[in-house]
Amino acid sequence: MVSVFQNTALPAHIIEHVASYVISTVPKPVLIIPYQDAYVEAPAKAFLPLMAVCRAWRILVAPLFYKTVMHTIDKPKKESAPPRQNSERLCLPNIVEIGSQCHVKQLYLNIDLLSLEDGLIEDPLYISNEVFAFFKNCGTLSAAHTLYLFVGYSYTMLFYMRNKRAMMLENQEPDNKTTDPIDISKALDEIKHMVLAAMPRLRRIYINNGPIPLLHDHEKVLNAKADHFLNSFATSLPLGHLSLFNLKVTKDLLTSLETSRGALRSIILSNNKGSQQHVELVRRNSQWLERLHMDHPTNHAVLKLTWMEKGSSTLVYPRLRFLCINSCVGRRNPNNRQPTVDPFPALRTLICHGTFPFSTSIVLEQGKKHICQLEIDLDSELMEAYGNKLFSNGSFEKLDCVMLGWAGNGFSLRWHNSQLLFTKALEIGKSTRVAHIQNMRTDWLDDSALSSITFLDTLRVLDMELTYLTINQALRIFEACSGLQKAYISLCDENERRNECRMPPEDELLNFRKKYDGCKASIYALGIHNTSFPRSRRAGEYILSLVDVLPCLRRVSIAHCEYSIPGRVVAGEMAARKLLRAINLALMRKIYKNRPRVHSVKYVIDNCW
């Protein structure tokens with residue numbers, strides 16, 4: 001049999017490289033599921049021309065294009081109603097219709113409880129007949145390994161069902177059609193078995209239980225059934241990854257996971273305070289866990305992760321390489337039991353935003369030897385107790401990426417110790433390549449201050465998106481970092497000219513060009529996060545004057561720009577478009593006529609810099 005690739009001009013591996021390049025450079029659009037804090041990947045439209053080249057290209061690109069699909073289970077569709085379509089996402093029924101379900105690797109399954117209940121009132125056999133027939137026709141998703149499961153209520157359906165019940169009570173009509181919660185449980189159980197049968201290679205589950213405040217009694221009953229359904233789903237097969245959003249962990253779930261054939265290597269716990277059951281879930285997988293992400297935990301809950309169930313020794317996570325503690329709340333209590341040995345000896349990435357949970361220095365002290373990425377919010381107690389010891393020059397031997405900021409209760413610190421923050425971020429690593437510095441005051445930033453800081457030759461990326469710099473300050477930093485290639489900053493006017501709306505005169509721009517003639521900065525990509533100027537035209541002029549003196553610059557990315565207009569603030573894409581137009585107008589000025597390099601720079605609106 002002749003291969004379809006024999007008639008193509010390019011071999012298969014070259015086509016695969018082209019497709020991989022496209023997926024890495026084209027930003028993917030995302031869609032928000034209405035009642036969830038969830039984003040669904042949509043297929044990159046740039047794949048469509050590749051699939052249209054010929055059959056060989058289509059065969060190779062299809063697994064990437066059809067990788068992620070979505071399916072919604074709610075109420076039965078009426079035959080007269082047109083099918084709901086969304087050109088921005090791929091839906092499983094459409095994929096099944098063209099026979100491409102063999103390429104699906106990730107399924108987003110969306111279940112609206114009230115809509116499902118309303119559908120069962122209309123047709124009690126809806127699940128057994130219509131949904132079963134669909135999954136039977138779908139067959140096996142042989143490549144699918146990841147399930148994103150969203151269960152909750154759409155606000156539209158929530159108000160519709162409440163109004164429906166209220167009207168029945170007003171008209172004194174007995175609600176004989178109310179579905180008993182047990183029917184919902186049976187329907188959910190049937191859905192679970194259908195999905196598991198269709199995804200035999202499932203190993204990763206992300207469970208999102210959409211939060212709705214002020215539920216009525218009937219809706220609370222449905223919520224309890226949903227919790228039971230989601231817990232049972234998580235224990236139906238051996239998993240490597242489990243993500244729980246706004247879901248109560250039951251003792252049955254813990255017992256089932258403990259007796260299952262596999263062990264969790266990755267856990268994500270979101271929108272919870274770190275209850276005893278959530279902590280126990282993590283501790284029971286301590287010997288296998290490689291990645292742990294916790295959102296909004298209490299300080300005490302994080303500390304309990306290192307406690308042995310019996311005795312006073314420290315629970316060690318020998319394989320944990322990634323630890324993210326986001327928005328940690330509460331105050332540290334030195335009287336609580338603290339780790340006596342390094343609980344995370346294999347840790348490579350430590351991210352802790354909010355309050356740092358450990359009162360002793362052992363986690364950071366031992367982490368100096370093996371942490372490669374450090375993102376941490378500092379506070380006064382931490383700096384006074386361990387600042388000089390932990391964050392001395394070159395103390396983190398393998399640090400590649402660092403992000404330092406001040407914790408939420410350190411507002412005064414972030415202003416009075418900005419130079420300390422800047423210095424620590426640039427000096428604590430021996431070979432740091434990426435540095436992020438958040439919310440820093442810059443009035444101290446002058447030539448004498450920069451000369452006292454040791455800038456690493458290895459530094460390649462500097463992110464100061466929430467710190468406003470003048471163009472003079474930005475250039476001082478770019479020149480001081482001799483190896484810097486990419487920077488992300490926010491720009492503002494000089495203090496004495498903050499209220500000026502006029503365009504800068506030509507002699508001012510020429511003096512600036514003369515002052516920085518021969519600039520040795522090596523930066524080739526510049527991202528502009530925000531601008532603070534009275535007018536977008538003025539902002540565009542100063543951005544272009546900065547571009548004019550940077551000899552290696554090839555790309556300027558504008559994202560989420562904000563600038564003042566009398567009486568209001570313009571934000572988002574509209575502001576970015578206005579700023580881009582201002583730059584294009586500035587390029588038409590006479591002083592840039594014989595500056596071809598300024599015109600060769602690519603100016604784009606893009607969050608990726």
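Because the structure is a prediction, the values reported are computed rather than measured. As a basis for the values below, the full set of heavy atoms in this structure was taken, side chains included, without hydrogen atoms, waters or symmetry mates.
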Could you pull out all donor-acceptor pairs under 3.5 Å where a side-chain atom in residues 345-353 meets a protein atom, sequence neighbours excluded?
residue : atom : partner : partner atom : Å
Arg348  : NH1  : Ala346  : O            : 3.1
His353  : NE2  : Glu375  : OE1          : 3.4

Please evaluate residues Tyr488 and Val461 with respect to the criterion side-chain contact (heavy atoms from CB on, under 4.5 Å), reporting the C-alpha separation (whole Å), side-chain torsions for both, the decisive distance (0.1 Å), and the verdict. CA-CA 8 Å; Tyr488 195 38; Val461 180; over 6 Å; no
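- In this structure a side-chain-to-backbone donor-acceptor pair under 3.5 Å is present from Thr355 to Gly330.
- With sequence neighbours excluded, the residues that form a side-chain contact (heavy atoms from CB on, under 4.5 Å) with Ser327 are His296.
- With sequence neighbours excluded, the residues forming a side-chain contact (heavy atoms from CB on, under 4.5 Å) with Glu290 are Arg265, Arg319, listed by chain and number.
- In this view, Asn137 and Val96 satisfy the side-chain contact (heavy atoms from CB on, under 4.5 Å) rule, not counting sequence neighbours.
- Side chains of Leu244 and Leu230 form no contact here, defined as non-hydrogen atoms less than 4.5 Å apart.
- The environment of Arg201 atom CZ is sparse: at most 12 non-hydrogen atoms of other residues, nucleotides or ligands sit within 6.0 angstrom.
- A side-chain donor-acceptor contact under 3.5 Å links Asp463 to the backbone of Glu465.
- Counting only heavy atoms from C-beta outward, the side chains of Pro339 and Leu303 approach each other to under 4.5 Å.
- If you take SG on Cys324 and CE on Met294, they are separated by 10.5 Å, rounding to the nearest 0.5 Å.
- Listed by chain and number, the residues in a salt bridge (charged side-chain N to carboxylate O under 4.0 Å, His left out) with Lys136 amount to none (sequence neighbours excluded).
- Atoms CG and CD1, from Asn530 and Ile558 in turn, are 12.0 Å apart once rounded to the nearest 0.5 Å.
- For the pair Arg204 (side chain) and Ser243 (backbone), a donor-acceptor distance under 3.5 Å is absent.
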Apply side-chain contact (heavy atoms from CB on, under 4.5 Å) to the pair Leu269 and Val282, showing each step before the final yes or no. CA-CA 10 Å; Leu269 301 174; Val282 175; 3.9 Å; yes
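- Side-chain contact between Val402 and His436 is absent, with no heavy-atom pair separated by less than 4.5 Å.
- Under the side-chain hydrogen bond (donor to acceptor under 3.5 Å, both in side chains) criterion, Asn299 pairs with no residue at all, not counting sequence neighbours.
- You'll find the ring centres of His71 and Phe134 inside the 6.0 Å limit.
- Interatomic distance, CG of Asp400 versus CD1 of Ile371, reported as 13.0 Å (0.5 Å rounding).
- Contact of the Leu242 side chain with the Ile268 side chain is not registered, since no non-hydrogen atoms from C-beta on lie closer than 4.5 Å.
- Proximity of a side-chain donor or acceptor of Asp377 to a complementary backbone N or O of Gly354 within less than 3.5 Å is detected.
- Separating the CZ atom in Arg284 from the CD atom in Glu280 is a distance of 4.5 Å, to the nearest 0.5 Å.
- You'll find the side chain of Thr140 reaches within 4.5 Å of the side chain of Pro200, heavy atoms only.
- With sequence neighbours excluded, no residue forms a ring pair (Phe, Tyr, Trp, His ring centres under 6.0 Å) with Phe132.
- The shortest distance between side-chain heavy atoms of Val302 and Val279 does not fall below 4.5 Å.
- A donor-acceptor pair under 3.5 Å is formed between the side chain of Arg283 and the backbone N or O of Trp307.
- Here the closest non-hydrogen pair linking Phe344 and His370 is O-CE1, 3.3 Å.
- For Arg332, the salt bridge (charged side-chain N to carboxylate O under 4.0 Å, His left out) test picks out Asp379, Glu381, with sequence neighbours left out.
- The shortest distance between side-chain heavy atoms of Tyr66 and Ile98 falls below 4.5 Å.
- Listed here is the closest heavy atom pair of Asn336 and His300: ND2-ND1, 3.7 Å.
- Legend: residues meeting ring pair (Phe, Tyr, Trp, His ring centres under 6.0 Å) with Tyr148, ordered by chain and number and at least two apart, are Tyr108, Tyr206.
- Between Thr146 and Gln106, the side chains place no donor N or O within less than 3.5 Å of an acceptor N or O (distance only, hydrogens not considered).
- Annotation for Ala143 and Cys102: closest pair CB-O, 3.5 Å, computed over non-hydrogen atoms.
- Across every non-hydrogen atom of Leu141 and Met199, the tightest pair is CD1-CG, 4.1 Å.
- Under the ring pair (Phe, Tyr, Trp, His ring centres under 6.0 Å) criterion, His103 pairs with no residue, sequence neighbours left out.
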Test Phe233 against Leu196 for side-chain contact (heavy atoms from CB on, under 4.5 Å), laying out the working first. CA-CA 9 Å; Phe233 213 116; Leu196 292 177; 3.7 Å; yes
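- Ser266 is linked by a side-chain hydrogen bond (donor to acceptor under 3.5 Å, both in side chains) to His241, counting only residues two or more places apart in sequence or in another chain.
- Checked options Ile73, Ile127, Leu113; the residue passing with Leu188 is Leu113 (criterion: side chain to side chain contact (heavy atoms under 4.5 Å, CB included)).
- For Asp342, there are no salt bridge (charged side-chain N to carboxylate O under 4.0 Å, His left out) partners two or more places apart in sequence or in a different chain.
- Between Leu149 and Val151, the closest side-chain pair of non-hydrogen atoms falls below 4.5 Å.
- The minimum heavy-atom distance linking Leu305 with Leu315 is given by the pair O-CD2, 3.4 Å.
- Ion pairing between Asp189 and Lys186 fails under the 4.0 Å rule for side-chain N and carboxylate O.
- Crowding of Lys105 atom NZ: a count of heavy atoms from other residues, nucleotides or ligands under 6.0 Å not exceeding 12.
- Taken to the nearest 0.5 Å, the CD atom of Gln373 stands 11.5 Å off from the CG atom of Leu323.
- Nearest heavy-atom pair across Cys138 and Gln101 is O-NE2, 3.0 Å.
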Passes side-chain contact (heavy atoms from CB on, under 4.5 Å), Leu116 versus Ile191? Steps please. CA-CA 11 Å; Leu116 179 62; Ile191 292 172; 4.2 Å; yes
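- Taking CG from Leu292 and CG from Asn285, the interatomic distance works out to 10.0 Å, rounded to the nearest 0.5 Å.
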